[in-house]
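To keep things clear, I will list the structure first and then write my remarks on it.
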Amino acid sequence: MTLPKDFISLADWSSDALHSMLERARELKRLRANRTPTPTLQGRSVLLYFEKPSLRTHVTFEIGVAELGANAIYLPATQVKIGEREPIEDVGRNLSCWCDAIVARTYSHGLVVDLAANSSVPVINALTDALHPCQAMADALTMMEHGELRKDRLVYIGDGNNVAHSLIHLAGSLGMKLTICTPPDYAPDAEVMRNGSRLAATTGGEIRLETDPAASMKDAAFVYTDVWASMGQEGEAAARREIFAPYQVNAELLSRAPTGVRVLHCLPAHRGEEISAEVFESSASVVFQQAENRLHAQKAILETLLLA
Ligand code: CP
Ligand code: NVA
C-alpha cells in the first residue's frame, strides 16, 4: 500500500493504513508495559517545531522518539520565525538535510502544509488551528480499549474546532458513528464536513450535526469535549463562556446518555467551563488514559512514516 509522505490530515489516510497504525500502537503499548525496548528508529533525528504551548504533545513526542532509539530536537518558533528570519522554502530544505522527520505545531494550517511541500522528509501535524490528527489517533486507541470503534457512537460537544475536525476525518476514514453538537454559529468547517461525509459514505460511517445538547446524548457511548476558546482565541473567551454554557458536560447532561457512557477530553481542561469538576474526576472519565495513549499512537505514526 502506498502511504502519504506526511501525517497532516487523517482525510489523506486510508482506513487500512490507520487500522495498521492503531494495531501497532496497541502492540507498542504492550511492549512498553513489559519494558521491552523498541529501538526501531535508531540513529534517526526528529525535529519538533512548536509555535504554540504544549504539555502532552511535546512531552510524548520527546519520550516517544527516545523510546524508538532516535533523537528529538525541540525548536520553539521564537528561535526560527519561519517567514521572518528565513523563508519557509529554506527552512524546509535545511531541516531536510539533517532530520528524518519534522513534527510541527503551528497556528496557521497552511504553514504546516507549506513546510511539508518544501521538505523531502515526512511532516507530522502536531496541531494547527484547523486539525489535530495525532490527538484523534490516541482517541481512537482509547475508544478501542473501551468499546467497538465502528459500533459505539461518539458525541463531541462544544466548539467545532481543530479537535472536532480531526474526529470528523477519523470517523469518516474508519467508518465510525459520530455526532458533533455545537452552538449554531460554531459548527465545524463545511469543507471538513464534506470530506468526512464523503469518506463515511465509503466506509459505512455516519456523521451527524446537532445543536441540542440533551438530544445529542441519546445514543452516546462516548462523550467528548474540548476547551471553548482554543489557543489563539483567548480574546473571545469571555463571550464564548456565555454562548457555550448550555454545552457543559456535567452530571445532568450525562444522565441523559445510556449507562456506561465514557467521557473524553483532549486536555488541557477548564473545570467549571466545558466540563464540570465532578464529571472530570468521575469513574466515567478516561481522559488520562487518552493522554497516555498519545505516546503510543505517536510512536506508531513515527514508525509508519519513517520505516515506509
Ligand atoms: N491535547 C494536547 O494536544 O495537549 P497539549 O496542547 O498540552 O499538547
Ligand atoms: N482546541 C484546543 C486543543 C488543545 C489541545 C486548542 O487548539 O487550543
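We count ligands from 1, going down the list as the structure has it; atoms in each ligand are counted the same way.
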Nearest non-hydrogen contact to atom 6 (O) of ligand 1 from the set Arg105, Lys52, His58 belongs to Arg105
Carboxylate-amine/guanidinium proximity below 4.0 Å for Arg208 and Asp219 = yes
of all protein heavy atoms, closest to atom 2 (C) of ligand 1 is Arg294 NH1, 3.2 Å
Please check if atom CD in Glu242 has more than 12 non-hydrogen atoms from other residues, nucleotides or ligands closer than 6.0 Å.
-> no
Per-pair distances, 0.1 Å, donor-acceptor, side chain in residues 95-104, under 3.5 Å, sequence neighbours excluded:
{"residue": "Ser96", "atom": "OG", "partner": "Gly92", "partner atom": "O", "Å": "2.7"}
{"residue": "Ser96", "atom": "OG", "partner": "Ser120", "partner atom": "N", "Å": "3.0"}
{"residue": "Asp100", "atom": "OD2", "partner": "Ser45", "partner atom": "N", "Å": "2.8"}

Answer yes or no: does an N/O atom from Cys266 fall short of 3.5 Å to an N/O atom of ligand 1?
-> yes
Which residues pass the side chain to side chain contact (heavy atoms under 4.5 Å, CB included) test with Ser15, sequence neighbours left out?
-> His19, Leu174
Would you check if Leu302 and Val65 make a side-chain contact, meaning some heavy-atom pair closer than 4.5 Å?
-> yes
Short N-O contact, Glu206 and Arg153, less than 4.0 angstrom | yes
How far is atom 4 (O) of ligand 1 from its nearest protein heavy atom, and which residue and atom name does that atom have?
-> Arg56 NE, 2.8 Å
Show me the donor-acceptor pairs, under 3.5 Å and distance only, between side chains in residues 129-143 and residues at least two apart or in other chains.
{"residue": "Asp129", "atom": "OD1", "partner": "Lys52", "partner atom": "NZ", "Å": "2.6"}
{"residue": "Gln135", "atom": "OE1", "partner": "Arg294", "partner atom": "NH1", "Å": "2.9"}
{"residue": "Gln135", "atom": "NE2", "partner": "Asp139", "partner atom": "OD1", "Å": "2.8"}
{"residue": "Asp139", "atom": "OD1", "partner": "Gln290", "partner atom": "NE2", "Å": "2.9"}
{"residue": "Asp139", "atom": "OD2", "partner": "Tyr224", "partner atom": "OH", "Å": "2.7"}
{"residue": "Thr142", "atom": "OG1", "partner": "Ala138", "partner atom": "O", "Å": "2.7"}
{"residue": "Thr142", "atom": "OG1", "partner": "Asn293", "partner atom": "ND2", "Å": "3.0"}

Is the distance between the ring centroids of Phe222 and Tyr156 under 6.0 Å?
-> no
Taking heavy atoms and a distance under 4.0 Å, where does Leu55 meet ligand 1: side chain, backbone, both or neither?
-> both
Measure and list all N/O to N/O distances between ligand 2 and the protein that fall under 3.5 angstrom.
{"residue": "ligand 2", "atom": "1 (N)", "partner": "Asn161", "partner atom": "ND2", "Å": "3.3"}
{"residue": "ligand 2", "atom": "1 (N)", "partner": "Asn162", "partner atom": "OD1", "Å": "2.9"}
{"residue": "ligand 2", "atom": "1 (N)", "partner": "Asp226", "partner atom": "OD2", "Å": "2.6"}
{"residue": "ligand 2", "atom": "1 (N)", "partner": "Ser230", "partner atom": "OG", "Å": "2.7"}
{"residue": "ligand 2", "atom": "7 (O)", "partner": "Asn162", "partner atom": "ND2", "Å": "2.8"}
{"residue": "ligand 2", "atom": "7 (O)", "partner": "Ser230", "partner atom": "OG", "Å": "3.4"}
{"residue": "ligand 2", "atom": "8 (O)", "partner": "Met231", "partner atom": "N", "Å": "2.8"}

Might you point out which heavy atoms bring Met193 and Pro188 nearest each other, and give the distance in Å?
-> CG-CG, 4.1 Å
Lys NZ or Arg CZ of Arg105 over Phe50 ring: under 6.0 Å, within 45° = no
Is there a nitrogen or oxygen of Pro268 sitting under 3.5 Å from a nitrogen or oxygen of ligand 1?
-> no
State if Leu267 counts as touching ligand 1 under the rule of any non-hydrogen atom under 4.0 Å.
-> yes
Atoms in ligand 1 flagged as close to His132, the criterion being non-hydrogen separation under 4.0 Å = 2 (C), 3 (O)
